[in-house]
Each structure stands twice: as C-alpha cells, then as structure tokens.
Asker: 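The structure is given below, and queries will be raised subsequently.
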Amino acid sequence: MDEIAKRHCTEEVGGGSGGKKGGGSSDGDFEPSMGRFTDHIIIDVLEKIDLASLCTAACVSPTFNSAIAYRLPFGFYLDEETLKHVVRRVPGAKSLTIECLRMRNDSSIINILGEHIEVLSLLKCTRLSYDILRAIGERCPNLRSLLIEFAGCDAPELFKRKLAEMLQKVPLLESLSITIRGTSRDVFDVRPLGQFLPPSLKKLKLQQTDARLFVLWLDAVRKIPLFNLRNLSLVLDLISDDLLITVVHSLPHLVELDLEDRPFTLSSVGDLTNIGLQALKFCECLIALSIVRSKMNCPASFTRVDNKGMFHVSEGCKRLESVKLGGFAKVTEAGYSSILYSCRNLKKFEVLTSPLLSDSVIDNMTGVARSVVELRLSSCSLLTSEALEHLSSFRKLEVLDTSGCERIGDQAPFYISKVTTLTRLNLAKARITDVGLALLGAGDLPIVQLCIGKCDKVTDKGIKSLFHADRKICKTLSVLDVGYIPKITDAAIFTIATAAKALTDLSLRFCNGVTDAAVQMLMDRPNHNSSQLQMLDLCSCRGLSAEAIMLPLPLYAFHRLRWLGIGLTDIVAKRGIFSAIYKARPRLVVCGVCCEFGCCDDWQWHKVR
C-alpha cells in the first residue's frame with residue numbers, strides 16, 4: 001500500500017498527529033491535503049458545483065479560490081446584480097467568461113473590469129454597445145486575450161473608432177476575436193486600424209469582413225515591424241485566389257488558418273481555384289487548416305477546385321495536424337486521400353458537404369488511423385455503413401460525426417461499438433433503427449455526447465436497449481439529442497431520466513409524442529437524475545399543453561436548469577409564463593423561439609428572457 005493510501009486508511013488525510021485530525025481540521029491542515037490534487041482534478045469538481053457553492057468554496061479555501069479565480073471561467077447566465085456579487089466574492093480573477101444575455105447595458109460589464117483581467121470573453125452581447133471596447137481598453141491595460149460577440153447596430157464608423165481607442169491601450173494583447181452578427185456584410189472595414197495593432201498580437205479572428213478590403217489591409221499591415229500573426233480566422237463574403245495568396249505571402253509563419261465564406265450568389269467569378277491552394281506551400285509552419293464554404297446565404301460550393309487543388313495542399317502542407325474542408329463539390333476521395341497519405345501527424349480530419357466522397361476514403365486512412373482523435377464526415381451523400389468497417393483500427397478516436405450521411409444504416413453502430421475510446425458520437429439523420437441502437441449499446445462505450453436526432457425510425461424500444469443493464473453510457477452520458485424523432489414518447493423520456501445518471505443537456509425538439517407527463521416527471525423529482533439537467537429543449541413539442549409547466553413553479557423544479565427552450569409550443573402563449581419562471585429562477589434563460597441549445601446560433605435576432 002502506498003503512502004497516500006495508508007494515510008487515508010489511518011485517517012491521517014489532514015496531516016494531524018496520531019491520526020486524530022482529518023482533512024477538515026481547523027489547524028490549517030486542509031490545504032496541504034488539497035495540494036495532493038492537481039489543478040485539473042479540482043477544476044473538474046468545481047465545474048459540477050452550483051453557483052452558490054462555488055462562491056462558498058472560494059471563501060473557505062485558498063486552493064479553491066485560486067482555481068476559481070485563475071482557471072475556471074464562469075459559465076452561468078447571470079443578471080447584473082448576481083454578476084457583481086460573484087466577482088466581488090472572487091476578487092482578482094485573471095480570466096472571465098461571461099454570457100451576456102441578461103446584461104442590460106454596458107455598465108453591467110464596465111463595473112467589473114479591472115487591471116487584474118488578462119483573459120476576457122464576453123458572449124452573446126445582445127445589449128452591449130461598441131463603447132464597451134473603449135472601456136475595456138481603459139480598465140484592462142494588462143489584457144492579453146479578448147473575445148467579444150456583438151449584436152451589431154450597423155455603425156461601422158463607430159465600431160472602427162472604438163476599436164482603435166481600445167487597441168492603443170492594450171499593448172500586451174496577443175489574441176483578438178470579434179464577432180458582429182445581424183449587420184450588413186461589410187462591417188469590418190479594417191484598413192484604418194493597421195497603425196494601432198499591438199506588436200504582440202498573434203491571433204486574430206474577425207466575423208464578418210469583406211475579402212477585398214481585408215486584402216488591401218493585409219498588404220499594408222504586413223510592413224509593420226514585428227507584425228507576426230500566427231493564427232488567423234476569418235468569415236468573409238468570398239474566398240478567392242487573391243485572398244489566399246495575399247495571406248500566405250504576408251503571414252509566412254502562420255500556424256493556424258481558418259477561412260469560411262458565405263457568398264450571396266452562385267457566380268464563380270473571382271472564386272477560389274487550384275492556384276490559390278497551391279500558394280499554401282509557402283506556409284511551412286501550418287499545422288491547422290480550415291477552408292469552408294457555408295450555404296447560409298445560397299447553396300454555393302467551390303466549383304473551380306478539383307483533386308489537383310488537394311494535391312497541392314498535400315504536397316505543401318505535410319505538417320498538418322488538423323484539416324477541415326467544406327463545400328468542395330468536385331473533389332473525390334482521391335483528393336482527400338492525398339492529404340491523408342502526406343499528413344502523418346493528423347489528429348483531426350473533417351469533411352463537410354462533399355457529394356463525391358465515397359467509402360474508400362476511410363480505407364485510405366490506415367497510415368493515420370493511430371493518431372486521429374476526431375473524424376467528422378458530415379453531409380457526404382455517398383457515404384455508407386461500409387465506410388466504417390475498419391474503424392476499430394483508430395486506437396485514439398474520441399469523436400465521430402457522420403451527421404447528414406443518410407445512407408448510414410444499422411451496420412454502422414456495430415462497427416462503431418468496437419471503438420472503445422469513443423466519447424462523442426453524432427449519427428444525426430442516419431437510417432438506423434432500434435436494432436442499430438441495441439448494437440451500439442452492446443459495445444458498452446463511455447459516450448459523453450450522443451446525437452441521434454432525425455433518426456426517424458428509432459422508437460422507445462431502441463432508447464431502452466441503448467441504456468440496458470447499467471452500461472457505461474448510463475454513467476458517462478451528459479448530452480443527448482433525440483430531436484425530430486416522431487416515435488419518441490414519454491416512455492423513452494422516463495427511460496432516459498432514470499438510466500442516464502450524468503445527464504445535463506437533453507434535446508427533445510420536434511418530438512410530438514412527448515406530453516405534459518414527461519415534463520412533470522423532469523420537474524417533480526428533486527433528488528432524481530433529472531434534477532441535474534442544465535439545458536432542456538422542448539421546441540415544437542406539439543404534444544405539450546399550456547399547462548405542461550406548473551405555476552407557480554415549485555421550489556425544487558428545474559433547480560439546476562440554466563436554459564429552457566419552449567418555442568412553438570402552447571406553453572409560450574400561457575399568460576405570465578415568462579415572468580413567473582424568471583421570478584422563481586432568475587438565472588434561467590427561457591427561449592421562446594426556435595434556437596438550439598443555449599441560443600448559440602440565433603441569439604442576435606431576438607430577446608431572450
């Protein structure tokens with residue numbers, strides 16, 4: 001028996017003499033015993049604790065206080081008063097991540113800013129103005145990383161002025177990420193800002209900007225002494241050869257390049273070609289590459305890139321560890337396979353919306369199978385279950401995503417069940433049935449996140465077989481999406497709530513077989529697994545009546561819930577429902593439209609209550 005084990009057996013955990021004092025001794029012995037635990041273990045525990053307990057832990061233990069203040073971002077939807085209370089109880093926090101859905105104005109954030117902050121992330125700022133940028137510059141001179149998401153007001157000149165004011169006052173800034181949603185597409189005219197960029201800036205992310213203007217700007221700022229971006233992420237109107245060539249020649253030391261465009265027309269004029277991809281050979285340090293064409297504005301694809309373009313990437317970027325390619329309609333498995341053959345250190349490989357990608361692409365991954373951790377092949381219409389036959393050779397695979405691959409059938413879960421390291425699985429829109437779920441369950445995998453949304457052949461029986469006999473998934477599953485499955489009823493919800501002991505996020509959107517009884521069950525058991533729920537999506541569950549959520553809300557109902565989606569249900573029309581829920585659960589965000597979990601995608605378009 002090792003020394004630590006002996007001390008636990010003899011009750012000498014706290015270091016007291018004779019084993020009389022435990023870890024909670026008032027003589028200060030608690031902290032030495034806490035020192036035996038690494039930061040990541042402490043943080044893992046803290047992330048599971050409610051807000052009030054977090055504040056208490058910070059007060060009674062210097063170790064906890066340090067872990068909370070310096071390591072743990074706040075992931076709660078807080079109102080202004082609660083936010084001030086939390087920050088006051090954890091003074092000197094160097095890192096703050098705040099969901100701003102409940103912040104009423106700039107002062108909510110300005111009041112908590114200070115010189116101690118080095119990393120600041122302000123998410124979903126529906127009511128913050130661009131003036132917050134000036135305040136950040138004035139109050140956070142030691143800032144090293146800033147991430148901020150605005151619901152824009154179409155005032156590009158104001159934005160440029162406030163951003164320039166901030167940049168002049170944060171000389172240590174290394175990472176800048178700014179997203180503006182719900183505005184015109186040319187919000188980021190970044191040309192005038194070159195003279196204010198801190199020399200320390202290594203990472204830049206902008207969403208959304210005009211490609212032509214960015215090229216002109218980059219041509220100018222690359223002449224600035226010490227300007228040396230290593231990580232560039234852009235959302236643009238169009239990815240062109242000119243853009244890519246300018247980027248690689250201006251930033252030859254790039255380590256990560258992430259480009260997404262959202263064209264408004266199907267025209268291929270000025271579009272990316274094989275020539276643009278050939279320029280990537282000049283980025284010899286590149287280890288992460290992402291080039292994606294979104295269909296947000298129109299069903300466009302890269303029609304002027306074929307396998308030859310992928311050959312250029314494979315020849316010039318052999319150090320790649322992460323690859324994400326989306327919208328390449330004329331690239332076949334031969335093009336993708338060339339990258340797989342060349343990049344022997346590949347850990348993440350993702351292909352989106354590739355109509356010519358076939359099953360053989362995974363056969364060609366034998367050389368990188370032992371290193372790949374994440375494999376995502378989404379909306380690839382030719383992909384079948386047979387593509388996954390040799391999946392067991394992926395010894396480190398943790399994430400598998402075949403969402404939108406509608407030819408994936410019941411044989412796929414059998415192959416997947418052999419991958420014992422898998423923790424996240426997305427089979428959305430697959431043709432699997434209850435048989436497939438039974439095969440997946442039999443594999444006894446430690447799955448943490450599972451999506452089987454839009455698998456419309458699944459029934460309650462399949463859900464029951466997935467959780468049968470207290471398998472690992474019963475203890476590990478935290479996030480489950482069973483949305484858009486018409487045959488899911490209350491029985492499946494009872495099974496899930498009873499069997500999934502670690503469940504925190506549950507999506508039932510568009511499950512019309514779910515009734516009030518299921519919601520009442522999720523609300524009524526304060527000591528049950530369901531009381532751990534943090535996010536619950538009931539969007540368009542047409543089987544729910546206006547009385548599905550009882551008023552007044554019981555004290556124990558939805559005790560830990562942080563986000564509730566009830567859009568397109570009769571609950572929305574119930575008089576006083578939003579004010580009553582807010583009064584009982586002031587930290588609970590209730591979304592009355594059709595957002596996905598946490599309003600991550602459409603928060604800029606509506607007021608979240």
Side-chain angles (χ1 to χ4, degrees), residues 73 75 77-78 96-106 108-109 120-136 145-163 166 175-190 193 203-214 217 232-239 258-265 290 292-298 300 324 326-327 352 535 537 539 563 565 567 589-609:
Y77 297 105
L78 307 181
L96 286 178
T97 298
I98 303 171
E99 295 271 5
C100 298
L101 285 172
R102 289 207 181 280
M103 301 298 109
R104 293 174 297 195
N105 49 50
D106 293 354
S108 307
I109 300 298
L120 179 63
S121 298
L122 303 177
L123 310 177
K124 305 169 190 170
C125 303
T126 54
R127 299 177 185 175
L128 299 191
S129 73
Y130 293 148
D131 199 52
I132 192 69
L133 294 171
R134 177 191 55 79
I136 291 171
S145 176
L146 172 64
L147 185 158
I148 189 166
E149 297 176 340
F150 285 112
C153 55
D154 261 337
E157 292 303 319
L158 177 63
F159 166 75
K160 286 187 291 185
R161 187 168 70 252
K162 297 301 180 182
L163 180 57
M166 183 196 76
S175 176
L176 176 63
S177 174
I178 300 183
T179 296
I180 300 181
R181 294 188 174 187
T183 62
S184 59
R185 50 179 156 161
D186 60 347
V187 156
F188 281 107
D189 179 358
V190 292
L193 302 179
K203 181 177 180 179
L204 179 64
K205 180 176 181 179
L206 301 176
Q207 178 182 327
Q208 171 167 339
T209 188
D210 182 278
R212 182 182 58 84
L213 295 179
F214 187 82
W217 176 78
L232 178 63
S233 177
L234 301 173
V235 176
L236 315 112
D237 55 332
L238 186 71
I239 299 174
D258 178 2
L259 301 176
E260 177 185 337
D261 70 2
R262 299 171 179 177
F264 283 82
T265 69
S290 175
V292 174
R293 172 148 291 174
S294 169
K295 296 182 181 294
M296 176 181 291
N297 299 319
C298 72
K324 181 178 180 179
L352 310 171
M535 293 194 184
D537 191 349
C539 173
W563 185 88
V589 168
V590 182
C591 177
V593 289
C594 292
C595 290
E596 301 276 356
F597 277 149
C599 302
C600 291
D601 293 325
D602 297 313
W603 54 268
Q604 71 274 21
W605 298 117
H606 65 92
K607 293 181 179 179
V608 183
R609 307 177 206 190

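Residue numbers run from 1 in the order of the sequence given. Just so you know, these numbers come straight off a predicted model, no measurement behind them.
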Asker: To the nearest 0.5 Å, how far apart are CG in Asp237 and CG in Asp210?
Answerer: 4.5 Å
Asker: What's the verdict on side chain to side chain contact (heavy atoms under 4.5 Å, CB included) for Phe214 and Leu234, showing C-alpha distance, side-chain angles and the deciding distance?
Answerer: CA-CA 10 Å; Phe214 187 82; Leu234 301 173; 3.5 Å; yes
Asker: With rounding to the nearest 0.5 angstrom, report the OH to CD1 distance, Tyr130 to Ile180.
Answerer: 3.5 Å
Asker: Side chain to side chain contact (heavy atoms under 4.5 Å, CB included), that's the test. Do Leu123 and Thr97 meet it? Break it down for me.
Answerer: CA-CA 8 Å; Leu123 310 177; Thr97 298; 4.0 Å; yes
Asker: Looking at every non-hydrogen atom in both residues, tell me the closest pair between Lys324 and Leu352 and how far apart they are.
Answerer: CE-CD1, 3.7 Å
Asker: Kindly say whether Leu206 contributes a backbone atom to a donor-acceptor pair with the side chain of Thr209 at under 3.5 angstrom?
Answerer: no
Asker: Under the rule for side chain to side chain donor-acceptor pair (under 3.5 Å), what residues qualify as partners of Asn297, not counting sequence neighbours?
Answerer: none
Asker: Atom CG of Leu176 and atom OG of Ser145: how far apart are they, to the nearest 0.5 Å?
Answerer: 8.5 Å
Asker: Go through the steps for Leu96 and Leu122 under the test side chain to side chain contact (heavy atoms under 4.5 Å, CB included), then give the verdict.
Answerer: CA-CA 8 Å; Leu96 286 178; Leu122 303 177; over 6 Å; no
Asker: Taking all non-hydrogen atoms of both residues into account, name the closest pair between Cys594 and Cys539 and its distance.
Answerer: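 In this case the closest contact between Cys594 and Cys539 is SG-SG, 3.5 Å.
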Asker: Could you state the interatomic distance from CE (Met103) to CG (Leu128), rounded to the nearest 0.5 Å?
Answerer: 8.5 Å
Asker: Which atoms form the tightest heavy-atom contact between Trp563 and Cys599, and what is the distance?
Answerer: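 Closest heavy-atom pair between Trp563 and Cys599: NE1-SG, 3.2 Å.
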Asker: Quick one: CG on Leu259 to CD1 on Ile239, what's the gap to the nearest 0.5 Å?
Answerer: 5.0 Å
Asker: Counting only heavy atoms from other residues, nucleotides and ligands, does the tally under 6.0 Å from NZ of Lys203 exceed 12?
Answerer: no
Asker: What are the two closest non-hydrogen atoms of Arg262 and Ser294, and how far apart are they?
Answerer: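 Where Arg262 meets Ser294 most closely, the heavy atoms are CG-CB, 3.8 Å.
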Asker: When rounded to the nearest 0.5 angstrom, what distance separates CG in Leu133 from NZ in Lys162?
Answerer: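 Answer for the CG-NZ pair, Leu133 versus Lys162, is 9.0 Å.
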Asker: Less than 4.5 Å apart, any side-chain heavy atom of Arg181 and any of Gln207?
Answerer: yes
Asker: For a 4.5 angstrom cut-off between non-hydrogen side-chain atoms, does Ile109 reach Ile132?
Answerer: yes
Asker: Side chains of Leu146 and Ile136, heavy atoms from C-beta outward: is any pair under 4.5 Å?
Answerer: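 Of all side-chain heavy-atom pairs linking Ile136 with Leu146, at least one is under 4.5 Å.
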Asker: Check Thr265 against Cys298 and note the closest heavy-atom contact, atom names and distance.
Answerer: O-SG, 3.5 Å
Asker: What I want to find out is whether Glu99 reaches Lys124 closely enough, with some N-O distance under 4.0 Å, to be called a salt bridge.
Answerer: yes
